[in-house]
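See below for the structure under consideration.
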Amino acid sequence: MLRIAEARHLKVFFGAIMQDRYDPAAVEADAQRHWEEQRCFEAVEDPSRPKYYCLSMFPYPSGKLHMGHVRNYTIGDVLARFMRMNGHNVLQPMGWDAFGLPAENAAMANGVPPARWTYDNIAHMKRQLKALGFALDWRRELATCQPEYYRWNQWLFLRMLEAGIAYQKTGVVNWDPVDQTVLANEQVIDGRGWRTGALVEKREIPMYYLRITDFAPDLLGALGEMPGWPERVRAMQANWIGRSEGVRIGFPYELGAERGVLYAFTTRADTVMGVTFCAVAPEHPLAQHAALRDPKVAAFVESCKHGPAIEAEIATQEKRGIDTGLSVRHPLSGEPVPVWIGNYVLMTYGEGAVMGVPAHDERDFEFAKKYGLRIRQVISVDGRDYSTDAWQPWYGEHGRCVNSGPYDGLDFERAIAAVAADLAHRGLGERQTTWRLRDWGISRQRYWGCPIPIIHCAACGAVPVPDEQLPVLLPEDLVPDGSGNPLARDARFLACTCPKCGAAARRETDTMDTFVDSSWYFLRYACSDNASAMLDERVRYWLPVDQYIGGIEHAILHLLYARFWTRVIKRLGGVEFAEPFTNLFTQGMVLNEVFFRKPESGRIQYFNPAEVELRRDASGARQEAVLRADGLPVESGGVVTMSKSKNNGVDPQALVDEFGADTARLFTMFAAPPEQTLEWSDEGVQGAFRFLKRLWKAVYDHVSAGAVAQPPREGLGDAARALRRQAHQTLAKVTDDVGRRRTFNTAIAAVMELMNAVARFEPAAAGDRAVVQESLEIAVLCLSPIVPHVTHALWRELGHERALIDEPWPRADEAALSQDTIEIVVQVNGKLRARVAVPAGADQEAARAAALADPTVRKFVGDAVIRKVVVVPGKLVNVVV
RNA sequence: GCCCUCGUGGCGGAAUCGGUAGACGCAACGGACUUAAAAUCCGUCGGCCACAAGCCGUGCCGGUUCGAGUCCGGCCGAGGGCACCA
């Protein structure tokens, strides 16, 4: 302990006396320099220590960090630092989801190649991440637009082709006829191209698909064994995969000399005797066949191509149909059944055809009423009366079969079993499980993405690029102009020779969906420096990811694709596990209030909340909001997600510049539990900053009074013992809140309470200052994962030579937690009436006696007979009269 | 339409396994310091009541329990996901 005193003396000697003012800029630069010089966050494989792979979803390099990033990465950083202090070998990497459409849009706007824009953004955002002090291993940084990364997309794609997991078929895209280009769904606005305003067409082109549907049963089944994932996310994925059990039913037909069977999937095979028509999708072969015979049918099929592109609009568009004039035979009754084309029938689900049972399906009912088709009741429920006048909800319920010949009287389950058996006997159907999930089309007619490694040869067709020719390099100097994919006009890129026959050939210009890039990057962090293999043995050490943190908006696509790719790699022998993320944490979004004015004519004008002043009444309630510039009122549009369009964003950089990274980190962790939405509050930021200033001052005041040599000893006074107890209670609570509950807000609140107690405590006796020293050390250690810079500085000031980053997480001292007497509350008939002090070890009888002796309790009990006394040891007594 | 969350002071939120409702912070109000402002410090802060005592109070109605913000049933409201899925 003398060493501490000496060290302090030396510091004084060299003039490095503690600043009385908290200066975040200096403190943060110093701490970051230390971590950098000591290479604190470079993770090295070490089988002797438990590993902890802590991963936050990597950002798209859009230009600068937004508040959502700050929140996401702070949560990850708190966990990484906490686990590190708890003895884990922590890996926390970072990279860039660097391909994608925004780069092409920026390129068009500025005339700069997407590569240049992307790399500039990465450089800027990397500086911002460093300024926030995240404990990242930057040696493992990767960007998905680098050939060193995307070559393995191409390599694995070729393996998938070999394994039959990747395949080619025609797919429907949104086609802009003016720009001669394919549009992403979000580029189609009200059925028109976003740039040209031209009516968008649906066009069929050859595309590559990944057979994710092969993995659907496993992707769904495994959800039941993922306790580390939020229930909500698992429910959303299950919903998306959409398993549906039913029966495939065949309707035989003859078209001239050709005999065929029209198959339809149904979950209501019990209603099969109520079929009065069949409806097929406009793209169905039978519809195509009918269109050749009848120009009116052809016109109808053509009109369906111009339907809306957005799924929500498809769902609400009017049901339309046309009779093909063809008919099929009912597989069980043999009756003829007319075939219609319906714009509500999806080619991509089931068989692209439905059996029409108007009596018991609401859509079929509506369709039949519109086109005058027969409605035949075949299900009865509780003997209720059926009428074809209007649809009633019970028509769709399960019941017993009627008017169904051999099936009459059967309930839902039995009827389906009987129908399936009869169909199987005739070779016209069987039980079938259908999935909502479709195969993943990965072809994008875009420039800024990973080239699909295929060569088109006039003689040999589509030929895979040989492994030794990988990567297929994407030229980085092209500037798209909106009229199609610039790769398709780039002779250097296009020209190649066929690997099979050696003839001149043409390179595939489609690129991969950017979701491919993000489906395996978490594996690559383990070995991002390996130039000769996609993965190596280090993956075995680090993976799977112990904790994944990201936004709920990725609950379905990204997380499902990542689970799928991991399974593919497992099947191909690359990894041994199927689930990439053991624990998933979905953080809430960052919200802010929206302020606007709506002129009588013209567009709504949005004002940033920083330009708006809130006026309050004497009780503190909001009166009105006015614009600072002119003092006139503005309207509030409520509290919503921060966005550019609503002008309600807060720039993290401005926050860091004014208050420092620690204040930004503290506020985002304190304002709300991390899973819930976080409402922005400038006053709240001030409050966080104020707390750090108070923390600094508390340490300053303590240190200025001289060094404390000895640890807290026996013989402390009541007040000192109480403070010491609270310090250790706080430590225990923070350990649980951060380590188990992940409620950083309550952990911070507990430390605030401790600091309030320290401020109230007046050291008097000899050992008192040692208790203050210990309390401050506990506060600093507890806060260090959240505000690592200021605590780094304060730890030094408290006399420690070893840097805070290397300190182990402390354990609460059981002796400090013990107390002689405890307070228990006393209820009479469940209502709080008194508090009494009892010895800590008091038994139930003693607690009961103490409660009944209390004068207030006696007053409330009065002359009544005590019927029962409930005693909760150490907590509460309830007297029931 | 189906599925999933969530409703607690003026505000963000706390109450972890059914046991003290409102921790912590913000705002507001009163005071100290200051020529003044900022910063800082002290105090008040769910409602009724002059105070105390007491009563009421966690969206609404009911239930279970000695005891319900917490569990169960029904309703109302907000948010999110899926959505012509046969």
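Letters go in sequence order (proteins before strands), and every chain restarts at 1.
Two residues are said to be in side-chain contact when any heavy atoms from C-beta on lie closer than 4.5 Å; A:I212 and A:L219 meet this criterion. Counting only heavy atoms from C-beta outward, the side chains of A:M755 and A:L695 approach each other to under 4.5 Å. By the 4.5 Å heavy-atom criterion applied to side chains, A:R234 and A:Q237 are not counted as neighbours. By the 4.5 Å heavy-atom criterion applied to side chains, A:T213 and A:W435 are not counted as neighbours. Side-chain contact between A:I416 and A:R431 is present, with at least one heavy-atom pair separated by less than 4.5 Å. Counting heavy atoms from C-beta outward, A:W340 and A:F367 have side chains that approach closer than 4.5 Å. Side-chain contact check for A:L666 versus A:F689: every heavy-atom pair is 4.5 Å or farther apart. Residues A:P673 and A:E675 have side chains not in contact (no heavy-atom distance under 4.5 Å, counting atoms from C-beta outward).
Using a 4.0 Å heavy-atom criterion, one finds that A:V880 contacts the sugar-phosphate atoms exclusively. Counting non-hydrogen atoms under 4.0 angstrom, A:N878 reaches a base of the nucleic acid. Counting non-hydrogen atoms under 4.0 angstrom, A:A235 reaches nothing in the nucleic acid. Contact annotation for A:Q827: base contact, defined as any heavy-atom pair under 4.0 Å involving a base atom. As judged by a 4.0 angstrom heavy-atom cut-off over every strand, A:R694 is placed among residues touching the sugar-phosphate backbone only. Using a 4.0 Å heavy-atom criterion, one finds that A:G350 contacts no nucleic acid atom at all. A:R690 comes within 4.0 angstrom of sugar-phosphate atoms only, judged by non-hydrogen atoms across all strands, and of no base. Within the 4.0 angstrom heavy-atom criterion, only backbone atoms of the sugar-phosphate kind lie near A:K693; the bases stay farther away. Residue A:V345 is classed as a base contact, given a heavy-atom separation below 4.0 Å to a base.
The interatomic distance linking A:L437 (CG) with B:A83 (P) rounds to 12 Å, in whole Å. Following rounding to the nearest Å, A:E753 (CD) and B:C24 (P) show an atom-to-atom distance of 5 Å. At whole-Å resolution of the value, CG in A:L591 and C1' in B:C11 are 14 Å apart. Atom pair A:E624:CD and B:G10:P shows a separation of 20 Å (rounding to whole Å applied). Remark: C1' of B:C82 and CD1 of A:I552 are 13 Å apart, rounded to the nearest angstrom. Between A:E679 atom CD and B:C6 atom C1' there is a gap of 14 Å when expressed in whole angstrom units. At whole-Å resolution of the value, CH2 in A:W391 and C1' in B:C84 are 13 Å apart. The distance between atom CG of A:L666 and atom P of B:G13, rounded to the nearest whole Å, is 16 Å.
Side-chain proximity of A:D737 to the nucleotides B:C26, B:G25, B:U16 is greatest for B:U16. The side chain of A:E683 approaches B:C26 more closely than any other nucleotide in the set B:A86, B:C26, B:G81. Of the candidate nucleotides B:A14, B:C82, B:G12, B:A14 has the atom lying nearest to any side-chain atom of A:T746. Of the candidate nucleotides B:A86, B:G13, B:U16, B:A86 has the atom lying nearest to any side-chain atom of A:R363. Comparing B:G13, B:G25, B:A23 by their nearest atom to the side chain of A:Q676 picks out B:G13. Among B:G13, B:A86, B:G81, the nucleotide with an atom closest to any side-chain atom of A:L346 is B:A86. Listed nucleotides B:C85, B:U16, B:C24 differ in distance to A:R438; the shortest reach to its side chain belongs to B:C85. The listed nucleotides are B:C82, B:G25, B:A14; the one nearest the side chain of A:P673 is B:A14.
Under the 4.0 Å criterion applied to side-chain N and carboxylate O atoms, A:R21 and A:D23 are not assigned as salt-bridge partners.
Taking the six-membered ring where tryptophan is involved, the planes of A:F412 and A:H398 are essentially parallel, since the angle between them stays under 30° and well short of 60°. Taking the six-membered ring for Trp and thresholds of 30 and 60 degrees, A:F251 and A:H330 have ring planes more than 60 degrees apart, a perpendicular arrangement.
Taking 3.5 Å as the limit, the base of B:C84 and the side chain of A:K319 contain a donor-acceptor pair of atoms between them.
In this structure B:C42 sits in the anti conformation; its chi angle is more than 90° from 0. Base orientation of B:G9: syn, the glycosidic angle falling within 90° of 0.
Interatomic distance, A:D662 CG to A:L692 CG, rounded to the nearest 0.5 Å: 6.0 Å.
Across all non-hydrogen atoms, the minimal contact from A:M355 to A:D364 is O-OD2, 3.5 Å.
Taking atom P in both B:C3 and B:G10, the straight-line distance is 35 Å, to the nearest Å. Nucleotides B:C84 and B:G1 have their P atoms positioned 15 Å apart, rounded to a whole Å. Look at the C1' atom in both B:U34 and B:C41: the space between them is 13 Å, to the nearest Å. Taking atom C1' in both B:C55 and B:C71, one finds a spacing of 27 Å when rounded to whole Å. Nucleotides B:G57 and B:G22 place their C1' atoms 11 Å apart, quoted to the nearest Å. B:G80 and B:C60 have their C1' atoms separated by 24 Å, given to the nearest Å. As rounded to the nearest Å, B:C42 and B:C33 have P atoms that lie 15 Å from one another. Across the C1' atoms, B:G13 and B:A23 are found 10 Å apart, a figure rounded to whole Å.
Phosphate proximity of B:C66 to A:K868: present, with a side-chain N or O under 4.0 Å from OP1 or OP2. For B:A14, the OP1/OP2 oxygens have a side-chain nitrogen or oxygen of A:N745 closer than 4.0 Å. In this model, the phosphate group of B:A86 is not approached by any side-chain N or O of A:R248 to a distance below 4.0 Å at OP1 or OP2.
Of the residues near RNA chain B, A:E823 and A:D361, the one whose nearest nucleotide (by heavy atom distance) lies more toward the 5' end is A:E823. Residue A:T677 is the one, among A:T348 and A:T677, whose nearest nucleotide of RNA chain B lies closer to the 5' end (criterion: closest heavy atom).
Between the side chains of A:S636 and A:E593, a donor-acceptor pair is found at a separation under 3.5 Å.
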Table of protein N/O atoms under 3.5 Å from nucleotides 53-55 of chain B N/O atoms:
residue, atom, partner, partner atom, Å
B:C55, OP1, A:R833, NH2, 3.2
B:C55, OP2, A:R833, NH1, 3.1

field: Dot-bracket encoding per residue of RNA chain B, Watson-Crick/G-U cut-off under 3.5 Å, | denoting interstrand
entry: (((((((..(((......[....))).(((((.......))))).(((.....)))..(((((..]....))))))))))))....
